[in-house]
Amino acid sequence: MAKNLVIVESPAKAKTISGFLGKDFLVKSSFGHVRDLSKKNLSVNIEKDFLPHYEITPDKTKIVSELKRLAGEAETVWLASDEDREGEAISWHLAETLHLDQEKVKRIAFHEITRQAIAEAVNNPRRINMNLVDAQQARRVLDRLVGFELSPILWKKVKPALSAGRVQSVAVRLIVEREEEIKAFQASTSYKVTANFDVETSQGRTNVQAELPQRFDTRQEAVGFLEKCRNATFRISDIETKPVTKAPAPPFTTSTLQQEASRKLGLTVGSTMKVAQQLYEAGKITYMRTDSVNLSSLALAAARDVITSAFGKEYVKTRQYTTRTKGAQEAHEAIRPTYLDQSAIEGDPTERKLYDLIWKRAIASQMSDALIEKTIVTIDISTATEKFIARGEVIRFEGFLKVYMESSDDESGEDATSILPPLNVGQELYLKDMCATQKYSQPPFRYSEATLVKKLEDLGIGRPSTYAPIISTIQKREYVEKGDKTGEWRNFDVITLKKGTFLEEVRKEKFGFTKGKLIPTDIGTLVNSFLVKYFVNIMDYHFTARVEKDFDEIAQGKKVWNEMIKKFYGPFHQQVELTLNSNEKVKGEKLLGQDPVTGKNVYVKLGKYGPIAQLGETNNSVKPKFSGLRKDQSIDTINLEEALALFQLPRELGEFEQSEIVIGLGRFGPYIKHRNNYYSLDKTDDPHTITLERALTIIEIRRQEEKAKIIREFDGNPPVRIIRGRFGPYISSGKDNFKIPRDREPETLTLEDCLRIIQSTPPARSPKKTGRKK
DNA sequence: CAGTGAGCGAGCTTCCGCTTGACTT
């Protein structure tokens with residue numbers, strides 16, 4: 001029996017620390033928070049100074065009872081959760097739920113996982129900091145009040161099962177407003193002039209590319225300029241060289257890792273975290289949920305050694321980075337390899353690539369600045385006052401660039417700089433060709449998962465552990481979706497001057513296409529404008545920053561937590577009541593026009609299951625016709641024609657096997673209905689134009705596919721079938737399905753075997769509906 | 001997995017942050 005019980009947050013950390021502490025110490029993990037407000041109800045007593053009602057989180061009951069037993073046996077319980085607001089609260093909740101005596105409890109924090117740091121922590125125990133705990137309670141209660149009072153308003157006013165909260169609603173707002181900016185954006189064009197010159201140098205005859213720094217607003221001005229250059233001579237009037245140093249980026253935090261993994265490896269925020277978790281559990285990297293750019297002294301020393309032996313002493317420059325992130329709590333190190341001398345690891349390709357990225361970033365962060373020499377060459381035109389500029393870049397000392405270069409989100413990808421040949425002032429350049437190209441101004445970019453995380457972090461909204469969940473929540477609620485827009489083509493002019501003659505052409509470019517960027521849905525747009533209208537305070541981009549300031553003051557003992565909450569709740573709740581009592585329903589209804597056949601009005605609006613079109617009036621004795629919008633349509637952009645087309649479905653196509661065939665459009669796309677059976681159309685089939693013949697073919701194909709899944713079939717009432725399912729073979733009888741024991745070959749099962757299995761096992765219900773929806 | 005959508009009313013949904021396994025017809 002151990003004399004000392006140490007409780008940390010993560011089991012992987014428990015394992016490593018266990019190795020440093022002797023036999024007298026048993027190290028266990030709480031797996032994060034063990035207690036929280038109940039999921040079912042508000043659990044905050046408004047009348048009693050916002051007293052929170054906590055209960056043990058259902059999936060933690062086992063670990064709590066184990067910890068309770070071990071704590072009872074131990075002489076001292078060391079609470080070693082992280083040293084931040086949530087960590088302090090975890091320690092307090094543990095002390096409360098485990099019923100620990102004050103004298104028995106010691107609160108410690110490990111700043112580094114080294115023998116020395118751990119010994120130091122054990123030698124400097126303290127009491128739980130109740131101010132910090134109160135700051136966490138304030139945070140928790142505020143989020144609960146906002147979430148559980150706002151969400152029901154949405155159920156009533158917009159659609160059931162929606163949600164709102166301090167973080168998610170602002171994330172949606174960012175995306176909605178960006179889309180509005182893009183929609184309102186009017187591209188303007190200008191003409192960019194570039195030139196190619198020949199030049200004699202000590203290295204022979206070579207080519208120099210130059211650009212006019214200013215642009216022309218009109219085609220006429222651009223052509224006028226080219227005209228002037230037709231018989232000009234070009235001469236270098238100035239060469240300026242200046243050294244520039246470039247410093248490496250700090251080692252990864254959660255947010256920067258997600259951004260770089262997205263840019264360089266094309267990973268989603270979610271998969272980055274999943275892979276990082278695997279690396280962490282395998283002991284390959286330090287903790288992956290962190291907002292700190294700090295590296296331990298141990299890591300710095302290791303980096304110094306690795307860089308020296310791999311590249312030489314002159315490549316070393318260790319640094320202590322300081323975070324500039326709003327609200328950073330810095331309970332952990334930056335993300336780095338556990339062993340910096342391991343430049344590569346075993347594992348699957350994604351693990352190896354992500355590790356490589358983390359290794360390079362950490363190593364580069366401790367390497368020398370790169371030394372770059374930039375050259376700007378000014379070229380005079382004999383017949384014009386404008387000047388061409390040629391830019392060159394030479395790396396004089398690679399420094400950290402030997403290992404790693406951070407990517408940027410800038411999508412333009414222009415202004416490539418090149419290496420210039422040796423040039424002299426006064427030297428003449430010979431024009432090969434000159435080009436005036438029409439350029440369109442760019443609209444603001446749509447957020448990707450990773451750029452949204454960056455924006456949220458900049459605003460101080462959300463925490464490393466929640467970035468990935470936020471992204472998935474706003475998609476699960478169908479506020480935003482990762483969408484592709486095919487884009488359109490547009491023309492642009494290119495006027496070329498070559499050997500004294502003009503060539504004018506019109507080229508085509510695609511614009512406005514996106515892939516995998518976050519686009520708001522109709523629901524997202526409607527909910528956002530509703531919340532912004534009635535709850536500006538909470539929807540304000542700086543709301544979180546403001547309440548964080550309050551939390552900080554609570555942590556410093558300058559404010560009392562429930563008084564702060566009271567001040568917030570009064571006006572907030574009043575607004576909630578006011579909104580609930582208003583008659584406004586948020587359906588986004590829009591009149592598109594009249595149906596030319598019936599003369600009835602055609603509307604689009606948000607229905608119970610998503611956007612719908614409506615033909616006729618709802619307050620009439622004649623019921624209106626409804627039809628759901630297709631996935632690629634939205635209330636915002638659909639026109640009358642497209643809406644009318646929707647009402648042509650469902651339509652009768654003909655008869656087959658004495659029953660009619662109907663083509664319809666359901667929640668999962670177009671389908672054929674025949675005798676209560678549904679058959680999905682292929683992507684290439686259009687429900688509006690599909691022929692009876694094609695429909696029959698599809699039915700035949702689908703029937704064959706069904707048959708192919710049946711391994712064996714036994715007569716009976718109901719018949720028993722062995723079917724090849726998505727997760728392996730199973731037995732189907734009536735409406736129920738049954739798992740086949742692993743040791744049985746499905747091909748050899750007899751009817752008796754099947755009946756025995758059916759008797760002895762409970763039917764496998766399909767999982768809850770919510771779990772299946774993506 | 002599927003054809004809804006009015007309106008009635010039952011009973012349900014929901015927040016943010018801390019941590020990992022279950023579980024797979």
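Remember, it's a predicted structure, so these values are computed and weren't measured experimentally. Residue numbers start from 1 in every chain, and the chains themselves are labelled A, B, ... in the order their sequence lines are given, proteins ahead of strands.
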Next item on the list: Would you kindly check if the NZ (Lys) or CZ (Arg) of A:Arg477 is within the cone defined by 45 degrees around the ring axis of A:Tyr479 and under 6.0 Å from the six-membered ring centre?
Entry: no
Next item on the list: Measure the distance between the ring centre of A:Trp155 and the centre of the six-membered base ring of B:dT14, then answer whether it is under 5.5 Å with planes under 30°.
Entry: no
Check: To the nearest Å, how far apart are A:Asn601 CG and B:dA6 C1'?
Finding: 17 Å
Next item on the list: Using a heavy-atom cut-off of under 4.0 Å over every strand shown, decide if A:Lys625 touches base, sugar-phosphate, or nothing.
Entry: nothing
Notebook entry, point to check: Taking CZ from A:Phe626 and P from B:dG7, how many angstroms apart are they, rounded to a whole number?
Noted result: 9 Å
Notebook entry, point to check: Within this structure, what is the NZ-to-P distance between A:Lys156 and B:dC8, rounded to whole angstrom?
Noted result: 13 Å
Item checked: Geometric class of the A:Phe568/A:Phe572 ring pair [parallel <30°, tilted 30-60°, perpendicular >60°] -> parallel
Next item on the list: Could you tell me the separation between the CG atom of A:Leu531 and the C1' atom of B:dC15, rounded to a whole number of Å?
Entry: 13 Å
Checklist line | Side chain to side chain, A:Glu86 and A:Gln329, heavy atoms closer than 4.5 Å | finding: no
Next item on the list: In whole angstrom, give the distance that lies between atom CG of A:Leu580 and atom C1' of B:dT14.
Entry: 14 Å
Notebook entry, point to check: Roughly, in whole Å, what's the span from CZ in A:Arg702 to P in B:dC1?
Noted result: 15 Å
Check: Between A:Arg139 and A:Trp561, is NZ or CZ placed under 6.0 angstrom from the six-membered ring centre and within 45° of the ring axis?
Finding: no
Checklist line | Rounded distance in Å - CG (A:Asn41) to P (B:dT14) | finding: 14 Å
Check: Is the shortest heavy-atom distance from the side chain of A:Gln633 to the side chain of A:Leu646 under 4.5 Å?
Finding: yes
Next item on the list: Indicate, with a heavy-atom threshold strictly under 4.0 Å, whether A:Lys605 touches base, sugar-phosphate, or nothing.
Entry: nothing
Check: Taking for each residue the nucleotide of DNA chain B bearing the nearest heavy atom, is the 5' side occupied by A:Leu150 or by A:Pro624?
Finding: A:Pro624
Notebook entry, point to check: Should the ring pair A:His33 and A:His93 be called parallel, tilted or perpendicular, given that the plane angle runs from 0 to 90° and is split at 30 and 60?
Noted result: perpendicular
Could you pull out the protein-nucleic contacts involving nucleotides 16-19 of chain B (nitrogen or oxygen on both sides, under 3.5 Å)?
from, atom 1, to, atom 2, distance (Å)
B:dC16, OP1, A:Val167, N, 3.0
B:dC16, OP1, A:Gln168, N, 2.9
B:dC16, OP2, A:Gln168, NE2, 3.2
B:dC16, O4', A:Asp143, OD2, 3.2
B:dC16, O3', A:Arg166, NH2, 3.0
B:dC16, O2, A:Arg139, NH1, 2.8
B:dC16, O2, A:Arg139, NH2, 3.4
B:dC16, N3, A:Arg140, NH2, 3.4
B:dG17, OP1, A:Arg166, NH2, 2.9
B:dG17, OP2, A:Thr466, OG1, 3.0
B:dG17, O4', A:Arg139, NH2, 3.2
B:dC18, OP2, A:Ser465, OG, 2.8
B:dC18, O5', A:Ser465, OG, 3.3
B:dC18, O3', A:Glu9, OE1, 3.2
B:dC18, O2, A:His33, N, 2.6
B:dT19, OP1, A:Tyr287, OH, 2.3
B:dT19, OP2, A:Tyr287, OH, 2.8
B:dT19, OP2, A:Arg289, NE, 2.9
B:dT19, O5', A:Tyr287, OH, 3.1
B:dT19, O4', A:Gly32, N, 3.4

Check: Given the rule in the side chain to side chain donor-acceptor pair (under 3.5 Å) test, do A:Arg289 and A:Ser465 qualify, once you have shown the distances and angles that lead to the verdict?
Finding: CA-CA 6 Å; A:Arg289 289 186 276 265; A:Ser465 67; 5.6 Å; no
Notebook entry, point to check: When the distance from NZ of A:Lys28 to P of B:dT20 is rounded to whole Å, what number comes out?
Noted result: 15 Å
Margin query: Can you see if the side chain of A:Ser163 gets near the phosphate of B:dC15 - specifically, an N or O under 4.0 Å from OP1 or OP2?
Written below: yes
